[in-house]
Amino acid sequence: DNIGDALNQLPALRATLTPTSATNLFSMTGGNFLDLRGLGAVRTLTLVDGKRYVPTNPSGIVNTNVIPQAMIASTDIVTGGASAAYGSDAVAGVVNLRLRPNLQGVTGSLQRPITDRNDNRRYRLSVAWGETFAGGRGKILIGAEIAEASGVDRLDSRDWGNSPNTILNPEWSATNGLPRFLIVSDARNANASYGGVINSPTRLRGIQFGPGGTPMPFTYGTLVTSAEMRGGDGVRMGGDLVLASPVKRHSEYGRISYELTNDITAWAEFGYARTDVVNDSLLGNDQITIRRDNVFLPDSIRAEMAANNIQSFVMGRSLTDYARGQVDITTRTWQGLIGLKGKLGGGWSFETSFASGRTQNNLLSPGNRITSRWTLALDAVDNPATPGVVDPICRSTIANPGNGCVPLNLFGVGSASPEAKAWITGTGRRDWDIRQQVADLTLRGNPFATWAGPVSVAFGGLYRRQSVEVTSDALSQAQAFRVGNSLPWEGELTVKEGFAEVLVPLAHDAGWVKDFDLSLGVRYADYSTGFNATTWKLGVNYAIDDSIRLRMTRSRDIRAPNLDELFAGGSGLIQTVTDPVLNQTYSVTNRTGGNPDLKPEVADTFTAGLVFTPQFLSGFQLSVDYYNIRLNDAIGSLNAAATVMRCYTDTPQVCALITRDSATNRITTIRTSPANFQRVETSGVDVELAYRFPLGGGRMNLRGLISYTGKLDLVDGADVSHFAGSTEQSTV
């Protein structure tokens, strides 16, 4: 229902992050981001009227929602050899949003969709107005858009909501040939329930706590391992997540131009956009040690423990009802641009512009559990100062009466008091401040001609400066929260680029050819981080006659590491891993961070195609294009689960990133950071069919697009992941 959603329907674009979904809640911005060829949004450059727009997050990608849709006239997509023409980030290609140049009057649209479940109510109103002034020498274009979606609270509101998940196969062994993992529906935790279930010692195992903390049997499902199973009473592995986050957004954009002379035009633009997103999917489970003198422990369990000399037990419990953390994200983006273009005489023209933009992303995480307070509140005992009266207090309060600790009862769903929940939780904060300035100058002309026609050249330069400053609250800096804990960091990158392009006609209306052109392009970029890069392209356009045209491009493209990859201070996320040492699946802390030693990714791209416009069928066009991209030194990082798996299979050097508890031998922390250790290989064919013909008093336009991906492989030396033909989200 917006330009991003519309573009993502094109076969060459893969659906990626939207305002209502994200793979990493602490990286959410509430935007639509484009991903050509499935190579990742960071490798698709999004432009507005051919100019760079301020990024929406530290990774450098641009939210397409910053421009009101009513202002967009068309979209250009370039998928080969784009780095020589546009610079870094265009490995997969460029998507250029073109504004309406000559709008007269008002245009707009209103949408009010709703699902068949009567949820996720949405609306979007987009309008644009254009007019001329000063006898047509001046033009003004103004647009605005407002949209809202109510969201869908839970994934299990759909029949497929508790969708298939991967669990360990309890029958697997290293020698029996059975699969180690199984994909099942209704996957659940075998060691955690919503109100708490006792997992050890064996004498008490299988007792869960129902309403009011009442002990009752825990029903195990099938395919039971120490941590997972299919069916039963355990916590669902996915169904409790948010399906679609509520989002509100609006954007405003204006452009004014004026012909200073018959040959010189000046223009200015300004845009502002704001998005607000809420998501409360910071879920998880805990394995909690409960001592026998816990004041909230049901009497029957206490008696059983006393009779069998059991001093404590381990209880697995969801935090859904007492510390279901939330993230509230507000993203605001501004950009202003001024420019001048015109004719210089002798067939030469110029264009120059300067743009300055800023994005502020403010993230709050209310309800985020404070680990130290939670630990104290769990250890609740009967106040020894009030004998004969049950008076719950924290054990720590006995030695430190002024510590403010409020005892926490976790036996049964809803048992935690509002006071206890308020004491153990707090609000984390993480703010991004992203700034970008871009200045460019381009000269174009036809300095001479060959026997086949005039030679066209373009050359110029570009200066770009990006900076990011990340701040966070004191508790996050002290790593006090269960998740988040963003660390402050800042980084700056400047790049100076020079480029040149030439189009040389080699033949025209010869006996063997209608037109034969050669295009060349080169760009040199010098980065303040200590490296430089040269990109180039070579293109051939061969029109055999009026019906058949052949084209080919060979190029060298690059993507420089972005500020997040270089300088990120990191944050802490809770992720689930399968531990082959203990043969258990459980949650660990994943610490992320940047790597200042990264170097640019380098891609070799080849495209070749045919365009068929038969003279006997006016209005019909067929184009078929083959592409092959090999991206070396690709920047990536193993996620927490992959780091553990690779440590104990083919990449033992990553074991240094894993920290285990000395007492339990369970993994506590996994560190991940980007590196130039991957290679990406993709190839395929794009087909476009178009037919335009008269119909009644108008015309009928038919268009069909097909994109076949024969290969999309991610190679990191020891492992190859095949994503072609798969709906799985790639880590490319």
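Not measured: the values here are computed from a predicted model.
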Backbone N or O of Tyr253 within a donor-acceptor pair of the Arg255 side chain at under 3.5 Å? no
Flag, side chain of Glu145 to backbone of Gln69, donor-acceptor distance under 3.5 Å: yes
Is there a side-chain contact between Val687 and Tyr708 (heavy atoms, below 4.5 Å)? no
Ignoring hydrogens and angles, write down the donor-acceptor pairs under 3.5 Å from the side chains of residues 257-266, residues two or more places apart or on other chains.
from, atom 1, to, atom 2, distance (Å)
Thr261, OG1, Asp263, N, 3.1
Thr261, OG1, Ile264, N, 3.0

Tell me yes or no: between the side chains of Asn361 and Thr331, is some donor less than 3.5 Å from an acceptor? yes
Any side-chain to backbone donor/acceptor pair from Asn446 onto Pro454? Under 3.5 Å, distance only. no
With a 4.5 Å limit on heavy-atom distance, are the side chains of Ser623 and Phe612 in contact? no
Run the numbers on Asn96 and Thr75 for side chain to side chain contact (heavy atoms under 4.5 Å, CB included), then give the verdict. CA-CA 6 Å; Asn96 182 31; Thr75 303; over 6 Å; no
Under a 3.5 Å distance rule, please check whether Arg52 uses its side chain to pair with a backbone N or O of Tyr86 as donor and acceptor. yes
Cationic tip of Lys343 above Trp348 ring, under 6.0 Å, 45° of axis: no
Under a 3.5 Å threshold, yes or no: a donor from one side chain and an acceptor from the other, between Asn63 and Thr56? no
For His250 and Tyr272, take the angle between the two ring planes, folded into 0 to 90°, and tell me which bin it lands in: parallel under 30, tilted 30 to 60, perpendicular over 60. tilted
Donor-acceptor contact below 3.5 Å, side chain Arg551 vs main chain Ala608: no
